[in-house]
Amino acid sequence: MNCSEMSLILQRVREENPLVHNITNVVVTNFTANGLLSLGASPVMANASEEVADMVGISRALVLNIGTLNRELVSSMILAGKTANELGIPVIFDPVGAGATPFRTEMAQLIINEVKISVLRGNAAEIANVLGEKWEIKGVDAGEQQGNNVELAINAAKKLNTIVVITGKEDVLTTGETTYLVSNGHHLLTKVTGTGCLLTSVIGAFAGVEKNLVHAALSALTFYGIAAEKAIEKVGNMGPGSFQIEFLNQLALVTSEDIHQFASFKQL
Ligand code: ATP
Ligand code: TZP
Ligand code: MG
Ligand code: MG
């Protein structure tokens, strides 16, 4: 895939304003909705089991996020996910905090067993714990443990039969056969809560307009990292608060030219 193709997908998100149905956590709900709006997509948050099947039926992508889960919410996620599968709507899953508690790990694994996931996105510890490897995780943040993220992602993609994205200093995207590395981004993203969750929803928006989900996810990762770099250029070292606001601005401002100039990705 090349920068022109990436730019076209971004343009289509902005033209088509795909409705993205999010069943997400209470920490990041507002940030996620504003980030999707800034990008040019349409967010909707709907959790009730009485309405999730109807809502996913009018949406272009479904994003599931277990950041502040409970049993009722997990039931809604499974119902929405199964409906999305029947309708051919992509399902993007963020197993926030998998491994931090046994409940989280079990519920993440249950969702993956019940719903066909199109793209699984998490930090390295979350993806490892979903696979049953007990990596150290500090709440919802990747712990200090280091491993080979490329190997881990390929392993996960093969075992779970889905596209896997592991984010960090470099992002890994793999089908198990084809693997890309994206190095756009900035470490201040880790100092603003919800930047991982919003990225998962941004992948949903791109998947809502582009059937090739590897191209959709790769474009989303590159675009997102460039938005962070442009935000830093504006706010310098003013700190995470200013960065958060400018990052939201930049989601609306990244252009095709920026993608051609700044994209930093490679196929392995
Ligand atoms: P965590 O809770 O461990 O921070 P997360 O779910 O918030 O995980 P991240 O891995 O932080 O997700 O990814 C969110 C965004 O931040 C991605 O675009 C990723 O590329 C970027 N990112 C994360 N760490 C770094 C880093 N050290 N340098 C540059 N970009 C980073
Ligand atoms: N606690 C439960 S969910 C959540 C926190 C702090 C937000 C996590 O967001 P992200 O995108 O993984 O940093
Ligand atoms: Mg984070
Ligand atoms: Mg996260």
Side-chain angles (χ1 to χ4, degrees), residues 22-36 39 45 47 63-70 73-74 77 92-101 103-105 107-108 119-130 135-147 149-150 152-153 164-173 180-206 217-233 240 243-244 247-248 250-251 254 262-266:
N22 302 269
I23 305 180
T24 189
N25 69 72
V26 298
V27 181
V28 306
T29 302
N30 178 272
F31 182 63
T32 302
N34 278 325
L36 286 172
L39 160 64
M45 279 58 183
N47 298 348
V63 176
L64 304 177
N65 176 311
I66 61 165
T68 51
L69 77 176
N70 55 53
L73 205 57
V74 170
M77 288 186 195
I92 326 299
F93 180 42
D94 191 330
V96 180
T101 64
F103 180 59
R104 248 166 226 268
T105 312
M107 292 301 110
V119 182
L120 174 68
R121 201 293 311 169
N123 63 42
E126 288 161 348
I127 302 300
N129 278 288
V130 162
W135 275 38
E136 170 208 330
I137 182 161
K138 187 177 181 187
V140 299
D141 293 329
E144 296 297 311
Q145 189 170 338
Q146 299 282 327
N149 288 359
V150 172
L152 173 62
V164 171
V165 173
I166 295 181
T167 52
K169 189 168 168 26
E170 276 194 315
D171 301 330
V172 185
L173 161 66
Y180 289 90
L181 284 185
V182 180
S183 46
N184 292 110
H186 192 276
H187 70 85
L188 259 197
L189 283 167
T190 66
K191 298 296 177 194
V192 176
T193 193
T195 54
C197 301
L198 172 56
L199 172 59
T200 305
S201 291
V202 167
I203 294 173
F206 280 64
L218 182 61
S219 305
L221 290 171
T222 308
F223 158 78
Y224 200 82
I226 291 173
E229 290 168 10
K230 288 189 69 195
I232 288 294
E233 228 170 79
F243 171 71
Q244 178 181 20
F247 178 62
L248 283 177
Q250 291 300 331
L251 292 174
V254 170
F262 300 120
S264 177
F265 65 92
K266 64 176 180 201

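Both counts, for ligands and for their atoms, begin at 1 and track the order of listing. Atoms considered below: every heavy atom in the structure, side chains included; atoms not considered: hydrogens, waters and symmetry mates.
- Of the N or O atoms in Thr167, one or more lie within a sub-3.5 Å distance of an N or O in ligand 1.
- With hydrogens and angles disregarded, no donor-acceptor distance shorter than 3.5 Å links the side chain of Glu170 to the backbone of Val182.
- Considering Glu229, Glu126, Lys169, Lys191 only, the shortest heavy-atom separation from atom 26 (C) of ligand 1 involves Lys169.
- Between Gly185 and ligand 1, no pair of N/O atoms sits closer than 3.5 Å.
- Residues Phe223 and Leu39 have side chains in contact (heavy-atom distance under 4.5 Å, counting atoms from C-beta outward).
- At a 4.0 Å cut-off, not a single heavy atom of Gly225 sits close enough to ligand 1 to count as contact.
- Take Phe247 and apply the ring-ring contact (aromatic ring centres under 6.0 Å, His included) test, not counting sequence neighbours, and it matches Tyr224, Phe243.
- When only interatomic distances are considered, the shortest N/O to N/O separation between Thr190 and ligand 1 does not fall below 3.5 Å.
- Within the 4.5 Å cutoff, the side chain of Ser201 has no heavy atoms near those of the Thr24 side chain.
- Listed by number with element, the atoms of ligand 1 under 4.0 angstrom from any heavy atom of Gly196 are 5 (P), 6 (O), 7 (O), 12 (O), 14 (C).
- Atoms of ligand 2 found under 4.0 Å from any heavy atom of Asn25 (numbered from 1 in listed order, with element): 3 (S).
- With a heavy-atom cut-off of 4.0 Å, Asn123 touches ligand 1 through its side chain alone.
- Remark: ligand 1 and Gly168 share an N or O pair separated by less than 3.5 Å (distance only, no angle test).
- The His186 neighbourhood of ligand 1 comprises atoms 28 (N), 29 (C), 30 (N), 31 (C), with distances under 4.0 Å to a heavy atom of that residue.
- The Leu199 neighbourhood of ligand 1 comprises atoms 17 (C), 18 (O), with distances under 4.0 Å to a heavy atom of that residue.
- Within the structure, the closest approach of Arg121 to ligand 1 falls below 4.0 Å when heavy atoms are considered.
- How far CD1 of Ile127 is from CZ of Arg121: 7.5 Å, rounded to the nearest 0.5 Å.
- The two residues Ile203 and Ala217 make their nearest non-hydrogen contact at CG2-CB, 4.1 Å.
- Listed by number with element, the atoms of ligand 1 under 4.0 angstrom from any heavy atom of Tyr224 are 18 (O).
- In this structure, the side chain of Asn184 engages the main chain of Phe262 through a donor-acceptor pair within 3.5 Å.
- Looking only at side-chain heavy atoms (C-beta outward), Trp135 and Leu152 come within less than 4.5 Å of each other.
- Going from atom CG of Leu199 over to atom CG of Leu189 covers 9.0 Å, rounded to the nearest 0.5 Å.
- Atom-to-atom distance recorded for Asp94:CG and Ile23:CD1 is 13.5 Å, nearest 0.5 angstrom.
- With a 4.0 Å heavy-atom cut-off, ligand 2 is reached by the side chain of Val28 but not by its N, CA, C or O.
- Asn34 pairs by the side chain to side chain contact (heavy atoms under 4.5 Å, CB included) definition with Asn30, Leu37, Leu248, not counting sequence neighbours.
- With contacts defined as side-chain heavy-atom distances shorter than 4.5 Å, the pair Asn65/Thr200 does not qualify.
- Within the listing of ligand 2, atoms 9 (O), 10 (P), 11 (O), 13 (O) sit less than 4.0 angstrom from a heavy atom of Gly194.
- Contacts of Glu170 with ligand 1, taken as heavy-atom pairs under 4.0 Å, are absent altogether.
- By the criterion of a heavy-atom distance under 4.0 Å, neither the backbone nor the side chain of Leu221 is placed next to ligand 1.
- Considering each of Leu198, Leu199, Thr193, the one bringing a non-hydrogen atom nearest atom 7 (C) of ligand 2 is Thr193.
- Annotation: Cys197 places an N or O atom under 3.5 Å from an N or O atom of ligand 2; distance criterion only.
- Close approach of ligand 1 to Leu189 (heavy-atom distance below 4.0 Å) involves ligand atoms 15 (C), 16 (O), 18 (O), 21 (C).
- The closest side-chain heavy-atom distance from Thr32 to Val63 is not below 4.5 Å.
- When each atom of ligand 2 is checked for a heavy atom of Gly196 under 4.0 Å away, the hits are 11 (O).
- Close contacts between ligand 2 and Thr195 involve ligand atoms 11 (O) [criterion: under 4.0 Å to a heavy atom].
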